[in-house]
Amino acid sequence: MASMVIERDHSFSDDDARERMKALGDYFANKHGMTVSWSGPDKATITGRYMVVTVEGSVILAPGKVRFEGKDPGMLWRGKAKDYLGAKLDKYLNPSTPPADLPRS
């Protein structure tokens, strides 16, 4: 299986980054009906669909970094998937937005 990787650096504490990624998981679940399951404090599995693109992968938190690694949706949808997921990571890791202001639905 080909994989797609999107990484973002951040300067948050582990707890702050975790809170932000949990908010993003809530957004995916509430807005798109995706299944988000945490297998530990620093790893979530996401499965579901955004429009016509199947999202299937994991979000992994490490000190100073968030990484999405998942199934490559194929050449036709790869750009859209990377743009969408990358933009969501950028939004939820934006230090000027307090966690309480991040959308959850």
Side-chain angles (χ1 to χ4, degrees):
M1 170 182 87
S3 69
M4 179 176 68
V5 176
I6 304 166
E7 289 186 340
R8 294 294 189 267
D9 293 331
H10 66 79
S11 57
F12 299 108
S13 71
D14 292 348
D15 286 341
D16 287 348
R18 198 173 291 120
E19 181 181 0
R20 289 169 175 278
M21 289 303 98
K22 287 191 185 277
L24 180 55
D26 290 348
Y27 173 83
F28 284 147
N30 295 328
K31 181 78 173 181
H32 300 299
M34 294 183 188
T35 301
V36 179
S37 56
W38 289 85
S39 57
D42 296 327
K43 184 174 182 184
T45 302
I46 302 170
T47 55
R49 293 177 71 80
Y50 166 69
M51 299 186 66
V52 298
V53 179
T54 298
V55 176
E56 188 178 320
S58 297
V59 172
I60 302 154
L61 286 89
K65 187 177 294 285
V66 173
R67 176 183 173 103
F68 172 85
E69 185 170 342
K71 182 178 177 187
D72 187 329
M75 187 174 67
L76 188 59
W77 299 109
R78 183 180 306 126
K80 291 274 187 210
K82 280 190 164 192
D83 289 349
Y84 178 74
L85 293 171
K88 288 298 174 197
L89 288 173
D90 290 342
K91 179 175 185 163
Y92 282 74
L93 292 172
N94 183 340
S96 66
T97 305
D101 293 346
L102 294 169
R104 293 184 181 257
S105 61

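Note that the coordinates shown come from a computational prediction; the quantities given were computed from them, not determined experimentally.
- Considering only heavy atoms from C-beta on, Val59 comes within 4.5 Å of Val66 through its side chain.
- A distance-only check finds a donor-acceptor pair linking the side chain of Tyr92 to the backbone of Pro103 [under 3.5 Å].
- Under a 3.5 Å cut-off, the side chain of Asp101 and the backbone N or O of Thr97 do not form any donor-acceptor pair.
- Side-chain contact, Ser96 with Asn94: a donor N or O sits under 3.5 Å from an acceptor N or O.
- Between the CZ atom in Arg104 and the NZ atom in Lys22 there is a gap of 10.0 Å [rounded to 0.5 Å].
- Between Phe28 and Tyr84, the angle of the ring planes lies from 30° to 60°, which puts this pair in the tilted group.
- Under the 4.5 Å side-chain criterion, counting only non-hydrogen atoms from C-beta, Ser105 is not in contact with Asp26.
- In terms of the salt bridge (Lys or Arg N to Asp or Glu O under 4.0 Å) criterion, residue partners of Glu7 (sequence neighbours excluded) are, by chain and number, Lys65, Arg67.
- Residues Val5 and Ile46 are members of separate hydrophobic clusters, defined by side-chain heavy-atom contacts under 4.5 angstrom among Ile, Leu, Val, Met, Phe, Trp and Tyr.
- Residues Ala81 and Val53 share a closest heavy-atom pair of CB-CG1, 4.0 Å.
- Once rounded to the nearest 0.5 Å, the distance linking NE2 of His10 with CG of Leu61 reads 6.0 Å.
- The side chain to side chain donor-acceptor pair (under 3.5 Å) search around Asp42 returns Arg18, not counting sequence neighbours.
- Contacts of Asp83 classified as salt bridge (Lys or Arg N to Asp or Glu O under 4.0 Å), with partners at least two apart in sequence or in another chain: none.
- In this structure the side chain of Thr45 never reaches within 4.5 angstrom of the side chain of Glu56, judged on heavy atoms.
- Pro73 is not listed as a side-chain neighbour of Lys80, based on a closest heavy-atom distance of 4.5 Å or more.
- If you chain together hydrophobic residues whose side chains sit under 4.5 Å apart, Met34 and Trp77 never meet in one group.
- The closest side-chain heavy-atom distance from Asp72 to Ser3 is not below 4.5 Å.
- Looking at heavy atoms from C-beta onward, Leu24 lies out of side-chain contact with Leu102 at the 4.5 angstrom threshold.
- Cluster annotation: Met51 is connected to Phe68 through the hydrophobic network of ILVMFWY side chains, with a link wherever side-chain heavy atoms come within less than 4.5 Å.
- Counting heavy atoms from C-beta outward, Met4 and Leu85 have side chains that approach closer than 4.5 Å.
- Taking both residues in full, the closest heavy atoms of Glu19 and Pro99 are given as OE2-CB, 3.5 Å, listed atom of the first, atom of the second, then distance.
- Shortest non-hydrogen contact noted between Ser58 and Lys43 is OG-CE, 3.5 Å.
- A continuous path of ILVMFWY side-chain contacts below 4.5 Å connects Val52 to Leu76, so both sit in one hydrophobic cluster.
- The two residues His32 and Tyr50 come nearest to each other via the heavy atoms CE1-CD1, 3.3 Å.
- Closest non-hydrogen pair, Phe12 versus Leu93, comes out as CE1-O, 3.2 Å.
- Contact check for Lys71 versus Thr54: no side-chain heavy atoms found under the 4.5 Å cut-off.
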